[in-house]
*Asks:* 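Right, I'll just put the structure down here and ask away after.
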Amino acid sequence: MTFDPTDKLSDLAAGGPALFFPDPPAQVTFNFDQGIAAEETFPLDDFRRLMGDVLDRDGGRALEYISFGYEEETDQIVYLPSYIELMLGHTGLREEVARWIGKTQQVEGLGADNLILTSGSVQAIALAVNALVNPGDGVLVEKATFPYAMRFMQMRGADIRTVEIDEHGLVVESLVERLEEMRRDGVTPKLLYVIPTFQLPTCVVMPEDRRRRLLEVAEEYDFVILEDSIYADLRYGGDPVPSLLSMDTDGRVIQSHGFSKVLAPALRIGWITAPEPLIHALASVRQDLGVSQWTCRMLEQYLKEGLLDPHIERANAVYRRKRDLAVKAVREHCGGLVSFDVPDGGYYLWLRIADNVDWEKAQHEAAMAGVFCRPGEKFLGQEAGQGYLRLAYSHAPDHELERGIKALGEAIVANAR
Ligand SMILES: Cc1ncc(COP(=O)(O)O)c(C=O)c1O
């Protein structure tokens with residue numbers, strides 16, 4: 001191929017590395033990098049049965065863009081009633097998910113009209129940013145956060161300000177400081193993107209009083225809160241804390257969520273829950289034609305049969321076991337050179353490596369031994385991220401957790417001064 005497309009690229013595409021594509025210097029033996037669900041939790045039998053049942057029941061209708069309505073007598077398609085599914089996704093699944101959220105988060109009055117289904121919750125975040133943020137508008141994010149969300153905000157030309165986090169999540173005083181800065185700079189704050197439960201990458205949880213204060217600040221400075229709840233149901237310790245969505249009396253919290261972490265990422269079904277006018281705004285910036293009817297019909301049945309909650313309970317038992325194994329291995333093999341808080345849920349340990357460790361060398365040696373974690377720099381930037389490490393224990397088989405963390409520990413201990 002001789003054609004060089006470099007000078008044909010849009011400014012957006014040419015503007016930098018879109019996302020993190022890891023390039024480990026050696027073969028990956030112990031993959032603690034990606035936050036993926038444990039394969040052993042996938043409900044293969046239920047999915048196999050329900051995918052077949054849906055085809056048996058609905059035939060080709062399960063394979064359309066939308067659920068067409070049919071005249072009973074003539075069997076003619078009635079187009080209009082379900083056209084909205086091109087924008088919002090399958091109505092039956094929206095109803096079921098609304099019911100599930102209403103029940104698990106104690107939110108009253110939610111229905112299908114409060115949901116838009118998306119291709120994973122990552123698309124939900126992109127839609128929220130596109131629907132709410134103009135170039136130059138102010139967006140606030142936690143200091144360490146989900147890099148994809150940052151990328152969508154950058155692509156939109158947002159003025160992004162970062163807010164401190166501590167062991168209880170987002171620091172509201174720091175948020176107010178950033179808002180005051182914006183006010184002085186003449187920047188309109190539009191959106192706060194926050195992961196209040198099992199924050200990424202730290203896995204910390206924001207307590208209820210802090211959440212209440214956050215909602216007051218949002219009202220005072222008049223911005224929308226996008227609550228990312230993707231890990232919130234993966235709790236296997238500690239007491240539950242109400243979601244921001246459930247505490248909101250003002251209609252300014254929208255919540256992204258999805259099935260990737262609690263069920264399986266390949267479903268590619270996420271959503272946003274929001275007041276109806278905001279759902280319409282999100283739909284208006286959608287650039288595809290909805291989500292898979294077949295998958296949605298299968299998931300509708302899965303929820304209707306009440307299979308989701310027991311599944312999450314079983315999955316959480318698996319993650320609790322993996323967390324305990326990972327915690328034990330880090331304590332045993334990292335020689336007191338690593339500090340961390342034990343998370344009550346989620347997929348990750350957020351490790352802080354002691355200052356007397358030559359982290360660059362240790363990291364390289366760990367990588368050469370096949371240990372693959374996500375470096376703190378990917379969340380906090382080059383300088384602030386040094387010496388931090390996100391270790392995903394969710395996906396690795398149990399025996400790899402022990403062996404891989406032992407290899408990581410050896411690299412750390414060998415490079416302590
Ligand atoms: C914080 C956070 N939000 C959203 C997502 C998106 O997941 P999905 O698009 O699979 O729902 C992820 C995936 O890793 C995540 O870590």
Side-chain angles (χ1 to χ4, degrees), residues 30-35 142-147 162-171 174 195-207 210 231 234-239 241 319-367 369 371-396 398 400-417:
F30 306 107
N31 183 2
F32 307 141
D33 177 60
Q34 291 113 339
E142 289 151 303
K143 193 171 172 180
T145 189
F146 182 42
T162 57
V163 182
E164 295 297 325
I165 42 177
D166 63 17
E167 70 277 22
H168 302 301
L170 177 135
V171 177
S174 165
I195 313 166
T197 308
F198 308 128
Q199 201 266 351
L200 184 93
T202 60
C203 265
V204 296
V205 178
M206 197 190 289
R210 211 182 259 204
Y231 297 104
L234 298 168
R235 175 178 282 285
Y236 33 89
D239 294 326
V241 183
Y319 296 126
R320 183 187 300 115
R321 188 188 73 230
K322 287 184 186 292
R323 177 205 58 188
D324 292 346
L325 284 171
V327 165
K328 183 167 172 282
V330 172
R331 287 190 177 140
E332 213 165 291
H333 299 298
C334 294
L337 295 165
V338 164
S339 53
F340 63 99
D341 291 323
V342 178
D344 283 331
Y347 280 181
Y348 314 104
L349 294 184
W350 179 240
L351 305 177
R352 167 96 178 87
I353 315 294
D355 291 339
N356 60 331
V357 174
D358 185 335
W359 176 229
E360 226 162 277
K361 273 179 75 185
Q363 204 172 9
H364 182 73
E365 275 176 31
V371 183
F372 190 31
C373 294
R374 180 105 12 137
E377 288 91 322
K378 297 296 168 197
F379 302 100
L380 283 163
Q382 208 48 40
E383 238 172 78
Q386 284 276 325
Y388 285 95
L389 194 63
R390 189 193 75 176
L391 188 152
Y393 52 79
S394 55
H395 184 62
D398 294 2
E400 281 189 10
L401 277 171
E402 159 65 22
R403 284 174 48 223
I405 293 173
K406 183 165 183 276
L408 173 69
E410 280 164 5
I412 290 172
V413 171
N415 287 287
R417 287 183 287 260

*Asks:* To the nearest 0.5 Å, tell me how far R323 CZ sits from D344 CG.
*Replies:*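 Interatomic distance, R323 CZ to D344 CG, rounded to 0.5 Å: 6.5 Å.
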*Asks:* Are D166 and R210 close enough for a salt bridge, meaning some N to O gap below 4.0 Å?
*Replies:*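 Between R210 and D166 there is a salt bridge, with a charged N closer than 4.0 Å to a carboxylate O.
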*Asks:* Please say which of W359, W350, F340 ends up in a ring pair (Phe, Tyr, Trp, His ring centres under 6.0 Å) with Y388.
*Replies:*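 Answer to the ring pair (Phe, Tyr, Trp, His ring centres under 6.0 Å) test with Y388 among W359, W350, F340: W350.
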*Asks:* Please examine the side chains of P201 and R374, heavy atoms only from C-beta on, and report whether any two atoms are closer than 4.5 Å.
*Replies:*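 Not in contact.
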*Asks:* Between E377 and Q386, is a side chain to side chain contact (heavy atoms under 4.5 Å, CB included) present by the stated rule, with each step listed?
*Replies:* CA-CA 6 Å; E377 288 91 322; Q386 284 276 325; 3.3 Å; yes
*Asks:* Tell me, do L408 and L391 make a side-chain contact under 4.5 Å, heavy atoms counted?
*Replies:*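 Heavy-atom side-chain distance check passes, below 4.5 Å.
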*Asks:* Please determine whether a side-chain nitrogen of the Lys or Arg among E365 and K361 lies less than 4.0 Å from a carboxylate oxygen of the Asp or Glu.
*Replies:*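 Not counted as a salt bridge, because no side-chain N and carboxylate O are separated by less than 4.0 Å.
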*Asks:* Hey, are the side chains of T202 and I165 touching, using non-hydrogen atoms and a 4.5 Å cut-off?
*Replies:*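 Yes; the side chains approach each other to less than 4.5 Å.
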*Asks:* Could you give me the CA-CA distance, side-chain angles and deciding distance for I405 and F30, then say whether side chain to side chain contact (heavy atoms under 4.5 Å, CB included) is met?
*Replies:* CA-CA 9 Å; I405 293 173; F30 306 107; over 6 Å; no
*Asks:* To the closest 0.5 Å, what do you measure between CG (D358) and CD (Q363)?
*Replies:*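 It comes to 10.5 Å.
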*Asks:* Out of curiosity, C373 SG to L351 CG, how far, rounded to the nearest 0.5 Å?
*Replies:*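 Those atoms lie 7.0 Å apart.
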*Asks:* Is there a side-chain contact between K322 and Y347 in this structure, where contact means two heavy atoms from C-beta onward sitting under 4.5 Å apart?
*Replies:*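 A side-chain contact under 4.5 Å is absent here.
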*Asks:* Are I195 and E142 side-chain neighbours, meaning at least one heavy-atom pair lies under 4.5 Å?
*Replies:*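 The answer is yes; the side chains approach within 4.5 Å.
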*Asks:* Could you walk me through whether V342 and D324 satisfy the side chain to side chain contact (heavy atoms under 4.5 Å, CB included) test, starting with their C-alpha distance in whole Å, then the side-chain angles of each, then the deciding distance to 0.1 Å, before giving a yes or no?
*Replies:* CA-CA 9 Å; V342 178; D324 292 346; 5.6 Å; no
*Asks:* Side chains of Q199 and Y348: closer than 4.5 Å at any heavy-atom pair?
*Replies:*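 Not in contact.
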*Asks:* Taking atom CG of N31 and atom NE2 of H395, what is their separation to the nearest 0.5 Å?
*Replies:*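 Answer rounded to 0.5 Å: 6.0 Å.
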*Asks:* Considering residues, nucleotides and ligands other than E360, do more than 12 of their heavy atoms fall under 6.0 Å from its CD?
*Replies:*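 No, the 6.0 Å shell around CD holds no more than 12 heavy atoms from other groups.
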*Asks:* Can you find a heavy atom in the side chain of F198 that is under 4.5 Å from one in the side chain of V205?
*Replies:*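 Result yes, sub-4.5 Å side-chain heavy-atom pair found.
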*Asks:* Please tell me if the side chains of V241 and T197 come closer than 4.5 Å, counting only heavy atoms from C-beta onward.
*Replies:*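 Of all side-chain heavy-atom pairs linking T197 with V241, none is under 4.5 Å.
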*Asks:* Step through the shown structure and confirm whether more than 12 heavy atoms of other residues, nucleotides or ligands are within 6.0 Å of CG on D239.
*Replies:*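 No, not enclosed.
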*Asks:* Kindly compute the distance separating CZ (R352) from CG (D341), expressed to the nearest 0.5 Å.
*Replies:*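 So the gap between those two atoms works out to 13.0 Å.
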*Asks:* Give a yes or no on whether a salt bridge exists between K406 and E402, defined as a side-chain N under 4.0 angstrom from a carboxylate O.
*Replies:*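 Not counted as a salt bridge, because no side-chain N and carboxylate O are separated by less than 4.0 Å.
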